[in-house]
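See below for the structure under consideration.
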Number of protein chains: 2
Amino acid sequence: MTNPQSNTTLKILAEKLGLSKGTISKALKDSHEISVATKNKVITAARELNYVPNHFASGLKSRKSNTIAVIVPEIVDSFFSLAIKGIEAETQKKGFHINIYLTNDEKAKEEEIIKVISDGRVDGILISICSETNSNDHLQKLIDYNIPLVFFDRAAEKIETGKVVTDDFQAGYIASNHLIAQGCKKVCFLSISESLSILQKRTEGFVQALLENNIKNPERNIFQISTEKAKCVKTIKLLLTDPENRPDGIVISVELLTIPIYNACKELNISMPGDLKVVCFSNLPYADLLSPSLSTITQPAFEIGKQAAGLLCNRIEKGTDIRFEKIICPSRLDIRGSSHH
Amino acid sequence: MTNPQSNTTLKILAEKLGLSKGTISKALKDSHEISVATKNKVITAARELNYVPNHFASGLKSRKSNTIAVIVPEIVDSFFSLAIKGIEAETQKKGFHINIYLTNDEKAKEEEIIKVISDGRVDGILISICSETNSNDHLQKLIDYNIPLVFFDRAAEKIETGKVVTDDFQAGYIASNHLIAQGCKKVCFLSISESLSILQKRTEGFVQALLENNIKNPERNIFQISTEKAKCVKTIKLLLTDPENRPDGIVISVELLTIPIYNACKELNISMPGDLKVVCFSNLPYADLLSPSLSTITQPAFEIGKQAAGLLCNRIEKGTDIRFEKIICPSRLDIRGSSHH
DNA sequence: TGCTGAAGCGCAACCGTTTTCGTAAATAAA
DNA sequence: TTTATTTACGAAAACGGTTGCGCTTCAGCA
């Protein structure tokens, strides 16, 4: 779009003031080469004519866009939207713009996005990867080419760059232990991916908790649920109606599965927390108002976003070495009605 | 950032192939000036060297960024996040990138954002304005300078440009009538702004419904609530404990106020829907699971975002005259437990 | 007076792509 | 064969800012 405020360019300012383009440019950047008197003249003229430096022209020469890409699997999600808000809070202070990209948790889309943003339009990337993580060549390439990259929440373990996550093992452990402490004999863990590192860790926390409580073969209590709605609902119903192995406690490792569980319980007439106790990884502001209110592992989403953005900005602006930076923002167990009386 | 895939430029390709920069550029754009044989050579070489056109260089010359700005008051909100998803669905098909900006519903921030994006970095703007709308000079200026602009949901009435909204009057009317039909004698309407057009219309629908039911002075039942949390809670409690005028039905015109209402009822021991019936403008996917489940005016958020993006893209790509375009996506009343037995 | 150095500004190349225009060769029309 | 026309490509000027370098001017100093 043309400059809305005006179409003032350096050239126009220069002509108006009888100076050269270079002088105007330097004056506006407060260069020591320019006298105070001239600077003042330039600044007032620039203000009068609503001069705004053209983004493309300055970017072409300086190789800076003051823009970062934020890539997330989903945006209609209390965790991700809050994380984005944290990112925005941090970046807008520093004058960075945000480009948003949604992968819908599809690897192909993620790769496509990374390809199309490699035209220099962003100075760096914040990403929460999709759950299918068999290969991460597209991400490794970013590192190889020295593109600033920071993971938040869902990180690719093997890639050496900044990561901001929560204490997933611990959270999985606490959630599981809580259910056991509430008297659950058959605690299950619902996941959506075996490859996604944060889910692996939550799973490990779950396994650890069960083992410590002398529950054998905890792996048998781990279920991978499809994110596709119909399949998801079907699997859950099957699980909850299994005559031999019906769980009396469930750790839901992703917010996405909350509604299906609630609906299934309603439909199957399973009472919560009587017949089934549930804890969910979720940032839902409405957890308190659900029926029953939902016990959650509440992740510091805003903080995670903010920290990740801070890390990325440091990398971009100061060239900080963030290869081995790992910030862990602890989650919190909020016990509510779905897991105890 | 430097091009991650490589640092291949037109110049490098040209030298490698013994052609000129211009020829390469035209070949890649499938210009009729270039022979098929040459095109093929160029295309394969470009692929081999992972050539990606520099965003700044092409933008500088073509004055196109293939980017749009999306400005919203809030992102941790079921309506706005879903609308953004709709926008993304539409724009990604057409190869547009999205810049996200949050105003936190502050006019000053909105103005600031519009200023900083007027450096040519976006080809157009999608905005849902903040609730303080006394003056809209900053938006009018965009129109004056011929910047493509489309409003979605929260529009500035007086500005002549594309608007995609829901049928706010009708929705307000239906919601109010529903409560009256449920036997409510004292129906109130909670708003957060007298100037925001969509809230004015919802209010008008409310007034109309009351008048048609022979309720005098419906204006007395309209309350402006602060969005600041403490004040908000205080006002609501005051309202719900007013000995003379305690409402038995409430239309909540913005999702933001849902939680405070639920909490107030819990705290004040007001039973829903027994003592108080509630309908809320909300896109909450969890409405069904609340206790009681929440009756909502469900807005077609995804559709609104999608349509708005479509309008903007047409304006940008084809120069369509959208000054008087107004798309109305109807809302739906979903009756649940909060408003009837 | 002559010399040095700093201050203040202009000049011009440069970033990578787009696009107009020109021109040579190849083909078609006369 | 000559002339007109197409085809295929090169040359170069933009786009608007940035930046190193060079030129003047003038104060400071011996």
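Proteins come first, then strands; the chains are lettered A, B, ... in the order of their sequence lines, and each starts at number 1.
Looking at which nucleotide of DNA chain C each of B/L10 and A/G18 is closest to, the 5′-most match is held by A/G18. DNA chain C is contacted by both A/V36 and B/G22; A/V36 maps to the nucleotide lying nearer its 5′ end (nearest heavy atom per residue). The 5' end of DNA chain D is approached more closely, in terms of each residue's nearest nucleotide, by B/S20 than by the other of A/K11 and B/S20. Taking the nucleotide of DNA chain D with the nearest heavy atom to each of B/T38 and B/A57, the more 5' of the two is matched to B/T38.
Distance B/K64 NZ to C/dT19 C1': 16 Å, rounded to the nearest Å. In this structure, the CG atom of A/D119 is 14 Å from the P atom of C/dG16, given to the nearest Å. When rounded to the nearest whole Å, the span between CD1 of B/I34 and C1' of C/dT19 equals 12 Å. Atom-to-atom, CD of A/E33 to P of D/dG22 comes out at 13 Å; the value is rounded to the nearest Å. One atom, CZ of A/F56, and another, C1' of C/dC14, lie 19 Å apart when rounded to the nearest Å. Spacing between atom NE2 of B/H32 and atom C1' of C/dT18 amounts to 14 Å, rounded to whole angstrom units. Rounded to whole angstrom, the span from the CG atom of A/L60 across to the C1' atom of C/dA13 amounts to 13 Å. Atom-to-atom, CZ of A/R121 to P of C/dT17 comes out at 14 Å; the value is rounded to the nearest Å.
For A/T23, whose side chain is taken as the heavy atoms from C-beta onward, the closest listed nucleotide among C/dT20, D/dG16, C/dG10 is C/dG10. Among the nucleotides D/dT18, D/dC9, C/dC9, the one closest to any side-chain atom of A/K29 is D/dT18. Among D/dC21, C/dT18, D/dG17, the nucleotide with an atom closest to any side-chain atom of A/Y51 is D/dG17. Side-chain atoms of B/N54 lie closest to C/dG16 of the nucleotides C/dC9, C/dG16, D/dT19. Set against D/dC9, C/dG16, D/dG16, the side chain of B/K61 has C/dG16 as its closest nucleotide. With C/dT20, C/dC9, C/dG16 as the choices, the nucleotide that has an atom nearest any side-chain atom of B/K26 turns out to be C/dT20.
In this structure, a donor-acceptor pair under 3.5 Å is absent between the side chains of B/N66 and B/K94. In the model, B/D123 has a side-chain atom that pairs as donor or acceptor with a side-chain atom of B/S65 under 3.5 Å. Side-chain contact, B/R154 with B/S131: no donor N or O sits under 3.5 Å from an acceptor N or O.
Among B/N99, B/I117, B/I87, B/V150, the one residue that satisfies the side chain to side chain contact (heavy atoms under 4.5 Å, CB included) test with B/I68 is B/I87.
Note that the CD atom of B/E74 and the CG atom of B/D105 stand 9.0 Å from one another [nearest 0.5 Å]. Rounding to the nearest 0.5 Å gives a distance of 12.0 Å between CD1 of A/I159 and NZ of A/K141.
Applying the 4.0 Å criterion to OP1 and OP2 of D/dC9, one finds that B/S35 has a side-chain N or O inside that range. Between A/S58 and D/dG17 there is no side-chain polar atom (N or O) within less than 4.0 angstrom of OP1 or OP2. Note on A/R63: every side-chain N or O is 4.0 Å or more away from OP1 and OP2 of D/dT18.
A donor and an acceptor atom sit less than 3.5 Å apart, one in the side chain of A/K21 and one in the base of D/dG17.
As judged by a 4.0 angstrom heavy-atom cut-off over every strand, B/L19 is placed among residues touching the sugar-phosphate backbone only. Residue-level contact check: B/S25 touches the bases, meaning some heavy atom is under 4.0 Å from a base atom.
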